Amino acid sequence: MPEFDEALHRALKKLQSAVPVQVKETPPHGESADLTIAIATYDDFDGAYFTIHSILVHHREILDRVEFVLLDNNPEGLPAPMLESFAGYIDRFRYIPFTDVRSTAVRDVLFRKATGKYVLVLDSHVILAPGSLSALLAYFDANPETDDLIQGPMLSQDSSHIAATHMDPKWRNGMFGSWGVDPRAKQHPDVPFEIIMQGLGSFACRREAWPGLNSHFTGFGGEEGYIHEKFRINGGKVVCLPTFGWHHRFERPAGVPYRINWEDRVHNYLLGWSEVGWDLDSLHRQFSRYLGDSYPEIRRRAELSVQRPELVFGGVIVLSDDGRVAPWRSCLAEAESIELTIHRAIPAEDDGPDGWRTASAFVAGLDKAILLGWKSVVFLDEARVIEPAVMYKLRNITDDLPAEADAAVIHAHGEDLVGAALIVRAAAYRTLRDELSRSMDGPVRSDFSLATYLLERGAVDVVLDRPLSPARVGGEPTPAVEGSKSDLGVVVVNLDLDIDRWKASWHRFIRLPRVTAVERESAFEDVMNQEAAFAVSWRRAVSRATEKSWDSVLIAADDVSLLDAAASILDHAREDLDHRDWDVVQLGHDAKSADGALIDGSVLLRTSPENRGVHAVLVHSRAFERILDAIADPEVDPEAFEKWAGHYQTLGNYLVDANAGGALTCLTLAPGIASTRSLIRSGAIESEYSRRFSL
């Protein structure tokens with residue numbers, strides 16, 4: 001960037017921060033339009049100005065058939081009031097300030113704000129060739145119910161010829177898609193033809209045919225190719241309309257004002273390609289070649305972000321009382337500490353009973369979920385602490401909800417329903433919003449309870465033995481109530497020749513809550529039968545725990561790694577276990593494991609019908625004697641141990657059999673918080689969170 005431009009950019013930013021900007025959304029114009037011309041902009045007044053005014057000057061023949069929607073993704077910026085002013089002199093124009101999402105996914109919002117049967121999406125720095133809009137509308141008139149994505153050729157810098165009719169599905173400079181020219185566009189300019197993909201500076205489709213972008217895209221990049229494939233998956237095609245030409249301004253003298261980085265781009269490619277079933281290995285090979293030594297860390301961060309537990313939802317909204325800022329700030333800080341994106345919904349009015357205000361915030365939250373296209377939404381109360389385990393708990397609940405359930409109310413047994421967590425699926429958004437909006441237009445009900453209302457409408461009642469998360473008092477978490485003082489010892493099975501693994505294990509496990517000691521058990525070696533050897537080591541660990549009089553023992557292999565939220569999940573699970581009858585809890589799975597159902601009243605514990613994972617197992621003292629009796633000591637009675645090993649072959653088979661026969665009560669922790677590199681590679685359930693382990 002030239003020195004003068006840099007200085008100008010800095011001066012504008014300084015001026016922007018000193019002058020507060022206030023803009024408002026333009027209300028719907030109420031007039032019909034065949035085509036919505038939709039533009040999203042971010043600090044690009046010149047681009048948006050000339051894109052829109054070029055249409056007004058050069059395409060006047062179709063203006064009676066179109067509306068304009070301009071989404072300002074930086075309404076705090078200096079251009080905002082000037083962009084807002086367009087609505088004062090352009091017919092059927094809507095200015096929409098929008099900050100809930102700042103990424104390529106804002107294009108979804110354009111479709112939900114549009115009212116035309118067809119939608120044309122333009123970058124805010126695209127100029128349309130004369131006659132192109134007439135050609136586009138003529139195509140839609142001839143194909144009124146088309147499910148296709150319509151694109152046109154990008155013109156050269158001097159607009160004298162076609163620069164690209166399409167993109168070939170090839171990699172170029174870290175971007176999927178390489179510009180190409182199909183000779184058919186010149187030979188038969190009036191004949192549309194099918195293409196694989198094209199740049200998204202200009203594209204159009206029937207509004208109801210838009211398949212949507214992944215709501216978890218972040219930043220910019222990664223949508224080319226992916227969105228084209230989604231049209232094909234839905235039965236449509238991608239069509240090049242040669243007479244629908246457009247010119248794209250690539251130059252940014254003052255620099256791009258929004259965030260563009262490789263991590264966001266890889267994140268989006270990973271999400272998008274996984275969604276449409278494309279090969280992720282080829283993606284990684286391309287980026288590894290292009291970015292070189294920097295790519296492993298970029299890949300690690302991107303894969304970590306796409307494995308966040310909350311991605312099973314569309315979004316997370318905190319129902320907030322706008323009159324009390326401290327609780328919301330606490331929620332925001334807690335969410336940021338675990339890299340969780342949360343949104344805030346506040347009541348429309350400042351007065352009225354609490355229940356009515358909560359309902360008002362809920363309606364605002366549903367509007368946001370509709371606008372952002374979320375497949376489901378979680379509502380949390382700002383009076384509850386957002387802990388690392390919370391989203392894993394909510395994911396477990398969602399996984400176990402019936403497919404036909406539209407909503408769920410989550411609360412503890414005997415707990416006031418005020419503050420209950422809520423899950424609502426997209427099928428119920430509009431019905432709930434409209435019903436509650438009508439109710440709030442009537443007399444104010446002082447006894448209204450949102451949770452009760454949802455339960456009366458058939459929401460699933462999820463009753464837990466303990467609260468989903470602790471309440472806060474005065475904006476801070478409620479001091480934890482001391483649970484059981486039971487001693488938990490950890491025994492790590494470690495080969496004598498691999499002391500470094502033992503040292504790493506000690507540091508890993510000593511950080512877990514309520515751990516009394518972490519001790520080493522020298523691994524029994526038998527190269528001919530390693531499974532039997534591990535069973536011997538495991539038995540010795542149980543014997544050691546008996547001698548130490550520990551209340552429970554966690555027995556782990558020395559190559560075990562832990563999930564990033566392992567401490568929080570295990571702490572909550574142990575609070576749950578303190579009030580249950582159990583003998584064994586498996587903290588991970590083997591490659592052939594299958595999860596059972598959640599235990600009634602629990603959100604972290606499942607039944608263990610087929611879990612043979614023994615690399616990390618929690619054993620209660622009440623089971624010590626039974627296990628020691630069942631697995632013979634090979635040094636005392638080698639014949640009996642050989643018989644045991646011959647029958648069960650593996651320790652995992654023994655636990656499954658003992659659980660099925662009632663000799664032991666075995667449970668599985670969900671999610672599994674302990675795994676190994678080899679287990680993740682072999683397809684253990686924990687593979688879903690592979691990057692969230694410190695492997």
Side-chain angles (χ1 to χ4, degrees), residues 270 274 280-281 284 299-300 303-309 311-312 388-389 391-393 395-396 398-400 490 492-494 501 504-505 508-509 512 523 530-531 533-535 537-538 554-570 573 584-599 602-619 648-660 664 666-695:
L270 290 175
S274 296
L280 297 185
D281 288 339
H284 292 309
R299 174 179 176 175
R300 186 190 73 81
E303 289 185 328
L304 191 68
S305 68
V306 300
Q307 291 180 356
R308 299 193 307 273
L311 263 61
V312 72
M391 297 316 299
Y392 290 98
K393 292 179 179 182
R395 180 161 188 154
N396 281 341
T398 301
D399 288 345
D400 278 26
V490 178
V492 177
V493 177
N494 171 244
R501 275 192 181 184
S505 295
R508 190 174 300 129
F509 288 106
L512 293 178
Q530 294 182 1
E531 295 286 357
F534 187 76
S537 302
W538 199 80
L554 195 169
I555 308 170
D558 63 2
D559 59 344
V560 158
S561 293
L562 299 177
L563 190 67
D564 56 355
S568 177
I569 292 169
L570 183 60
V584 169
V585 178
Q586 288 150 291
L587 306 187
H589 306 76
D590 75 339
K592 298 179 181 179
S593 293
D595 260 348
L598 283 172
I599 303 296
S602 177
V603 284
L604 292 173
L605 298 169
R606 294 183 177 274
T607 58
S608 296
E610 293 294 332
N611 190 354
R612 291 174 172 79
V614 293
H615 50 285
V617 179
L618 192 64
V619 183
Y648 289 110
Q649 297 183 336
T650 71
L651 182 62
N653 287 338
Y654 161 69
L655 292 180
V656 169
D657 184 74
N659 183 49
L664 293 173
C666 298
L667 305 176
T668 294
L669 187 60
I673 62 167
S675 196
T676 66
R677 192 182 303 274
S678 60
L679 282 170
I680 286 175
R681 285 175 175 170
S682 65
I685 291 175
E686 287 77 29
S687 296
E688 184 177 5
Y689 298 124
S690 59
R691 286 294 179 176
R692 306 202 77 84
F693 288 85
S694 54
L695 296 172

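Note that the structure is predicted; figures quoted are calculated from it, not measured.
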Worksheet item: Measuring from Ser608:OG to Leu667:CG, what's the distance to the nearest 0.5 Å?
Response: 5.5 Å

Worksheet entry | Gap separating the CG atom of Asp399 from the CG atom of Asp595, nearest 0.5 angstrom | 9.0 Å

Practice prompt. Please answer whether the main-chain N or O of Gly613 pairs with a side-chain N or O of Gln586 as donor and acceptor at a distance below 3.5 Å.
Written response: yes

Worksheet item: Can you tell me how far the CH2 atom of Trp538 sits from the CG atom of Leu651, to the nearest 0.5 Å?
Response: 5.0 Å

Fill in: Under 3.5 Å donor-acceptor, Glu610 side chain and Ala594 backbone
no

Discussion item. Looking at Asp558 and Val492, would you say the former's side chain and the latter's main chain have a donor-acceptor pair under 3.5 Å?
Written reply: no

Item to complete: Output yes when a side-chain donor or acceptor of Ser602 lies under 3.5 Å from a complementary backbone atom of Leu598, and no otherwise.
Response: no

Item to complete: Please round to the nearest 0.5 Å and tell me the distance separating atom CG of Leu280 and atom OG of Ser274.
Response: 4.0 Å

Worksheet item: Does any N or O in the side chain of Glu688 come within less than 3.5 Å of the main-chain N or O of Gln307, such that one atom is a donor and the other an acceptor?
Response: no

Discussion item. Would the distance check show the side chain of Thr607 and the main-chain N or O of Ala597 forming a donor-acceptor pair, the cut-off being under 3.5 Å?
Written reply: yes

Discussion item. Arg606 and side chain to side chain contact (heavy atoms under 4.5 Å, CB included): which single residue from Asn396, Ile599, Asn611, Val585 fits?
Written reply: Asn396

Practice prompt. Indicate yes or no for a side-chain donor-acceptor contact from Arg508 to the backbone of Val560 under 3.5 Å, with no hydrogens or angles considered.
Written response: yes

Worksheet entry | Nearest-0.5 Å distance, NZ of residue Lys393 to OG1 of residue Thr398 | 14.0 Å

Worksheet item: Donor-acceptor pair, Arg692 side chain versus Tyr689 backbone, under 3.5 Å?
Response: no

Worksheet item: For residues His615 and Asp559, is any side-chain donor paired with an opposing acceptor at under 3.5 Å?
Response: no

Discussion item. For the backbone of Thr676 and the side chain of Ser561, can you confirm whether one donor and one acceptor N or O come within less than 3.5 Å of each other?
Written reply: no

Practice prompt. Check whether any side-chain N or O of Ser568 sits under 3.5 Å from a backbone N or O of Ala565 as a donor-acceptor pair, and report yes or no.
Written response: no

